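Report on one structure; see the data block that follows.
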Amino acid sequence: MDQNYRELCESKLNALRQTKSAASYAVEFATLSAPLALNDEALSLNFYRGLGQDVKDGMAIIGRASTYEALVKQAISIDQRSHQRRLESKSESGSSSNGSNKSWSPSNTHNTNNSPKPTQHFESKPRGPLSEEEKARRKRLNLCIYCTDPKHSVADCPLIASKEAKVTAISFPPPRYPQPSENFQPQAPTRTEA
């Protein structure tokens, strides 16, 4: 094999860092290391050196695999779990700050530390039922499911109580009976001769 090609592979391998998934890094690493005839220990050390920080952090917690092949599998597994967790976090934060929640969110803001802000009550407009995801989010944050106020539960919600009070307080005008006109004269019953 050409010496220049080996030197080029060695140079690229030394500069190689994980910038995408661990799986794509492993493929690129294997391609560059193949012509170099490195032993298992050298492959493991070089592979580990180029891994991303979150993968290395994961390995620090569970311990690094002892062989190159096991290290590659471990890195890919950790990277996939980290990626999945990032997607979950994005989904969770998105559910409490996306545009579809604006119709029922009193403040229309997303608080990153998940501590609820004081609720401001506005005139409400008719809206559809809450999604199961939003109900779960409000329960998780200990918010009133009806108005998102953290100070009470839905059973004690003053908005529901005031809404029910308005419904029961609606009064109907008294019934109107026809009034006799001024020209109306009660007639005496007619007698029938027997």
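These figures come from a predicted structure and were not determined experimentally. Positions are given from 1 along the sequence.
For Arg85, the side-chain contact (heavy atoms from CB on, under 4.5 Å) partners at least two apart in sequence or on another chain are Glu88, Ser89, Glu92. Applying the salt bridge (charged side-chain N to carboxylate O under 4.0 Å, His left out) test to Lys56 and every residue at least two apart in sequence or in another chain returns nothing. Taking the salt bridge (charged side-chain N to carboxylate O under 4.0 Å, His left out) definition, one finds that Arg86 meets it with Asp54, sequence neighbours left out.
A single hydrophobic cluster is seen to contain both Val55 and Ile61, as judged by linkage of ILVMFWY side chains at heavy-atom distances under 4.5 Å, directly or through other members.
Rounded to the nearest 0.5 Å, atoms CG (Leu38) and CD (Glu10) are 8.0 Å apart. With values rounded to the nearest 0.5 angstrom, Leu71 atom CG is found 11.0 Å from Asn46 atom CG. To the nearest 0.5 Å, atom OG of residue Ser33 and atom NZ of residue Lys12 are 13.5 Å apart. One distance of note links CD of Glu41 with CG of Leu43; it measures 10.5 Å at 0.5 Å rounding. Note that the CG atom of Leu51 and the CZ atom of Arg17 stand 10.0 Å from one another [nearest 0.5 Å]. In this structure, OH in Tyr48 is found 12.0 Å from CD in Gln18, a value given to the nearest 0.5 Å.
A donor-acceptor pair under 3.5 Å links the side-chain atoms of Ser44 to the main chain of Asp40, judged by distance alone. A donor-acceptor contact shorter than 3.5 Å is absent between the side chain of Tyr25 and the backbone of Leu16.
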Scan the side chains in residues 62-69 for donor-acceptor partners under 3.5 Å anywhere in the protein, sequence neighbours excluded, and list what turns up.
from, atom 1, to, atom 2, distance (Å)
Thr67, OG1, Ala70, N, 3.3

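Nearest heavy-atom pair, Ala26 versus Val72, reported as atom, atom and distance to 0.1 Å: CB-CG1, 3.7 Å. Closest of all the heavy-atom pairs between Ala75 and Phe47 is CB-CE2, 3.8 Å.
Sorted by first and then second residue, the ring pair (Phe, Tyr, Trp, His ring centres under 6.0 Å) pairs involving residues 70-89 (not counting sequence neighbours) form an empty list.
The hydrophobic cluster analysis finds Leu87 isolated: no Ile, Leu, Val, Met, Phe, Trp or Tyr side chain comes under 4.5 Å of it, directly or through other members.
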Residues Gln3, Glu7; criterion side chain to side chain contact (heavy atoms under 4.5 Å, CB included); working and verdict: CA-CA 6 Å; Gln3 182 62 29; Glu7 288 175 4; 3.4 Å; yes
